[in-house]
Number of protein chains: 2
Amino acid sequence: MVTIGDIARAAGVSRSTASYALSGKRSISAEVRQRVAEAARELGYTPNAGARALATSETMVIGLLAQFHEDEFAPAMLQYMLGVSDTARELGYDTLLVTEADGARALRRITSSRMVDGVVLLNVAQDDARLPLLRSAPQPGALVGLPGDCSGVDVFDFDFEAAGRLMVDHMHRLQHRKLILVSQPEHVVQRGGAYVWRLQNAVVEQARARGIELHAVFGESRQPEVGRTLHALLDAHPTATGLLLNNEAAAAALPSVLHARGLETPRDLSVIGRYSDEFARTFSLPFTSIESAPDLLGEMAVRQLVRRIVTPQARGDEPHVLRLLTPELVDRGSTGLPPATPSNTCVQGGIQ
Amino acid sequence: MVTIGDIARAAGVSRSTASYALSGKRSISAEVRQRVAEAARELGYTPNAGARALATSETMVIGLLAQFHEDEFAPAMLQYMLGVSDTARELGYDTLLVTEADGARALRRITSSRMVDGVVLLNVAQDDARLPLLRSAPQPGALVGLPGDCSGVDVFDFDFEAAGRLMVDHMHRLQHRKLILVSQPEHVVQRGGAYVWRLQNAVVEQARARGIELHAVFGESRQPEVGRTLHALLDAHPTATGLLLNNEAAAAALPSVLHARGLETPRDLSVIGRYSDEFARTFSLPFTSIESAPDLLGEMAVRQLVRRIVTPQARGDEPHVLRLLTPELVDRGSTGLPPATPSNTCVQGGIQ
DNA sequence: CTGAAAGCGCTTACAG
DNA sequence: CTGAAAGCGCTTACAG
């Protein structure tokens with residue numbers, strides 16, 4: 001391989017001069033700079049990343065710890081990953097993707113071996129096993145997902161509480177008095193997926209404050225189970241006029257369920273989901289929804305992480321960030337006034 | 001940070017002895033090995049990856065070049081990525097994920113700077129701009145996707161021709177005589193997505209050979225456009241009795257379309273898709289399909305890549321591999337004999 | 001069985 | 001403005 005020594009020889013200068021000429025870190029005569037640049041171009045020189053990392057203690061790589069659980073909706077994770085990866089590249093960093101099941105072990109491996117300059121954790125749980133390791137790691141870390149203890153890390157998440165209140169208030173304003181909430185599977189909660197109960201608790205509380213009757217359940221993450229759950233819910237609560245979905249799989253299943261029951265939104269039922277616009281477009285979800293902005297969250301996490309990496313004083317001194325994204329409603333026309341005689345099962349009876 | 005020098009000092013041996021004791025690359029007295037291991041454990045030693053890479057010329061990282069195009073179905077890509085990443089880890093490698101639009105530039109960056117020991121290219125096009133660079137790179141490469149020129153690389157792909165023939169023959173055996181094929185968007189073809197026309201050509205040819213009337217179209221990659229296309233197709237060809245889908249978005253949209261038209265498989269229409277089982281489960285696709293096995297393809301590519309990396313003689317000498325995965329039909333009960341009086345629009349007429 | 005030394009390819013104080 | 005040298009933290013022939 002062609003090294004900086006080859007460049008130096010070809011340009012007739014020392015290796016240090018060649019290095020400085022290339023990096024521009026000290027003033028070099030125009031002529032020498034010229035010769036070095038030409039030599040580098042002709043020989044096709046690229047600095048060896050490992051050698052540079054050893055000399056500078058900077059790898060220009062960030063670690064991306066994704067976690068895929070059987071009972072979570074995998075395609076949603078991809079959007080976070082792309083937000084992270086694209087932003088990292090924009091800022092001059094490459095991305096080491098880690099998908100192994102034992103995230104704590106993986107985190108230890110890549111941080112203690114200095115493979116990365118910093119780390120983004122995705123899908124952070126309430127009591128995430130990766131966090132103690134991250135805090136004691138020499139590199140800074142940014143989280144997507146709100147853990148119970150935010151100390152020592154920068155945290156970015158969607159404001160699920162506000163989203164829950166927004167859902168209820170929107171329905172309340174439209175005079176709905178009986179709602180159903182379908183959350184992610186209960187397993188996700190048990191594993192510490194705080195976002196599930198953060199939204200659910202907010203919905204429960206706000207419904208109580210508004211005098212709204214609410215039926216909250218955990219839905220499955222898979223078809224056709226979640227479709228059956230939706231059918232069962234609509235059967236059990238024929239007078240519910242609004243459906244709130246914090247469950248991508250349920251949102252994807254709902255169009256078929258509504259078709260099968262002969263229901264239309266918002267005529268027979270008002271629906272609000274919570275997912276990304278990208279998700280809505282891919283699966284043609286015609287429901288008003290709260291944008292979860294996964295790419296933006298990934299981007300914000302990386303920008304803050306790189307700030308910490310490049311500014312030494314931001315390392316420990318600067319207070320850590322906790323940023324919750326304010327939810328916004330994307331109106332796709334699936335909410336309206338409740339029907340005069342609410343019954344979301346009548347049509348189904350007619351068909352069968 | 002704690003280095004091998006610290007370990008050596010703590011164990012009272014030389015750095016080389018410490019290194020050998022840890023790697024086991026030469027015989028070390030049991031007692032010294034013990035002391036070194038203990039020192040490493042107590043001090044929490046992990047070798048510096050950059051230093052090791054510099055010394056050994058091995059990074060233990062493979063590059064994963066993904067490509068996301070606006071008109072392709074992103075969630076499908078994730079499964080390839082996970083197949084690659086999980087297998088790499090199993091074999092002791094980490095994965096550098098590259099998602100930037102200019103894949104050729106990215107490939108040059110990570111190979112010429114020696115950030116990776118080898119590279120997996122996803123979504124390879126007929127005349128892929130990344131291939132010339134890969135051939136001249138010092139690291140070996142494995143492709144997922146069949147290019148026009150396979151020289152110098154190991155290639156893994158699904159046998160789309162065989163899949164096309166399988167689809168037609170299956171329908172032919174069931175006595176279907178008029179079929180519709182919905183492929184991926186035409187843009188994908190224009191960009192060199194050979195898999196689209198490989199399947200389509202095979203379907204066209206096999207249909208001709210079997211005396212089957214075939215209508216082949218390119219579908220969109222998005223909802224609701226692709227749903228409208230499906231409706232239009234069924235309107236235009238009311239006597240078609242079988243539908244072949246080489247388009248994930250169309251497959252995801254079809255259940256709603258069938259519902260809307262009051263059609264049932266296989267009673268009114270026989271359907272065969274081509275996607276992964278994972279995809280089918282996530283979106284509850286009740287269609288008989290040809291398994292595209294993205295995770296398996298990713299896995300095979302990595303295994304072969306690592307073979308090339310670790311066995312020097314396999315570097316250039318050993319002939320390159322071209323492996324096309326034989327398609328298999330997963331019967332989900334959506335195909336059967338055609339209806340006596342085929343008309344996939346009658347019910348729609350009745351409803352409207 | 002073990003140690004001293006060279007070398008991987010960079011960067012960057014230190015001198016001039 | 002430029003060069004010689006040290007050093008980053010490893011591994012591995014070379015000697016004993």
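We name chains A, B, ... by the order of the sequence lines, and we start the count at 1 in each one.
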Nearest to side-chain heavy atoms of A55(A), which nucleotide of dT2(D), dG9(C), dC8(C): dG9(C)
Closest listed nucleotide, where the reference is the side chain of V13(B) and the choices are dG9(C), dG3(C), dC1(D): dG3(C)
Report yes if a side-chain nitrogen or oxygen of [X] is closer than 4.0 Å to either non-bridging phosphate oxygen (OP1 or OP2) of [N]; otherwise report no.
{"X": "K25(A)", "N": "dT12(C)", "answer": "yes"}
{"X": "T17(A)", "N": "dT2(D)", "answer": "no"}
{"X": "T56(A)", "N": "dT11(C)", "answer": "no"}
{"X": "S16(B)", "N": "dG3(C)", "answer": "no"}
{"X": "Y45(A)", "N": "dC10(C)", "answer": "yes"}
{"X": "S14(B)", "N": "dG3(C)", "answer": "yes"}

Any-strand Watson-Crick or G-U partner of dA4(C), both distances under 3.5 Å: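 Partner of dA4(C): none.
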Watson-Crick/G-U partner (both atom distances under 3.5 Å) of dA13(D):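 Across all strands, not a single nucleotide pairs with dA13(D).
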Note, T95(A) side chain near V120(A) side chain (heavy atom, < 4.5 Å):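 No, every pair of side-chain atoms sits at 4.5 Å or beyond.
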Pairwise side-chain contact, V302(A) with E90(A), heavy-atom cut-off 4.5 Å (strictly under): no
[X] [atom1] to [N] [atom2], straight-line distance once rounded to whole Å:
{"X": "R9(B)", "N": "dG3(C)", "atom1": "CZ", "atom2": "C1'", "result": "16 Å"}
{"X": "L43(B)", "N": "dG9(D)", "atom1": "CG", "atom2": "C1'", "result": "15 Å"}
{"X": "N48(B)", "N": "dG7(D)", "atom1": "CG", "atom2": "P", "result": "17 Å"}
{"X": "E31(A)", "N": "dT2(D)", "atom1": "CD", "atom2": "C1'", "result": "13 Å"}
{"X": "M115(A)", "N": "dG9(D)", "atom1": "CE", "atom2": "P", "result": "17 Å"}
{"X": "R15(A)", "N": "dT11(C)", "atom1": "CZ", "atom2": "P", "result": "10 Å"}
{"X": "R114(B)", "N": "dC10(D)", "atom1": "CZ", "atom2": "P", "result": "22 Å"}
{"X": "R52(B)", "N": "dG9(C)", "atom1": "CZ", "atom2": "C1'", "result": "18 Å"}

Residue closer to the 5' end of DNA chain D, A30(A) versus V2(B) (nearest nucleotide): A30(A)
5'-most by nearest nucleotide on DNA chain D - R33(A) or M1(B): R33(A)
What contact category does [X] fall into here, base, sugar-phosphate, or nothing, at under 4.0 angstrom with non-hydrogen atoms?
{"X": "S29(B)", "answer": "sugar-phosphate"}
{"X": "S19(B)", "answer": "base"}
{"X": "T46(B)", "answer": "sugar-phosphate"}

Side-chain H-bond candidate by donor/acceptor type, Q304(B) with D154(B), under 3.5 Å: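 Yes, side-chain donor-acceptor contact under 3.5 Å.
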Side chains of S151(A) and R135(A), donor plus acceptor under 3.5 Å: yes
R15(A) side chain vs G5(A) backbone, donor-acceptor pair below 3.5 Å: no
Pairing of R89(B) and D86(B) as salt bridge, 4.0 angstrom limit: no
Base dG3(C) to side chain R26(B), donor-acceptor N/O within 3.5 Å cut-off: yes
Heavy-atom donor-acceptor pair, Y20(B) side-chain to dA4(C) base, under 3.5 Å: no
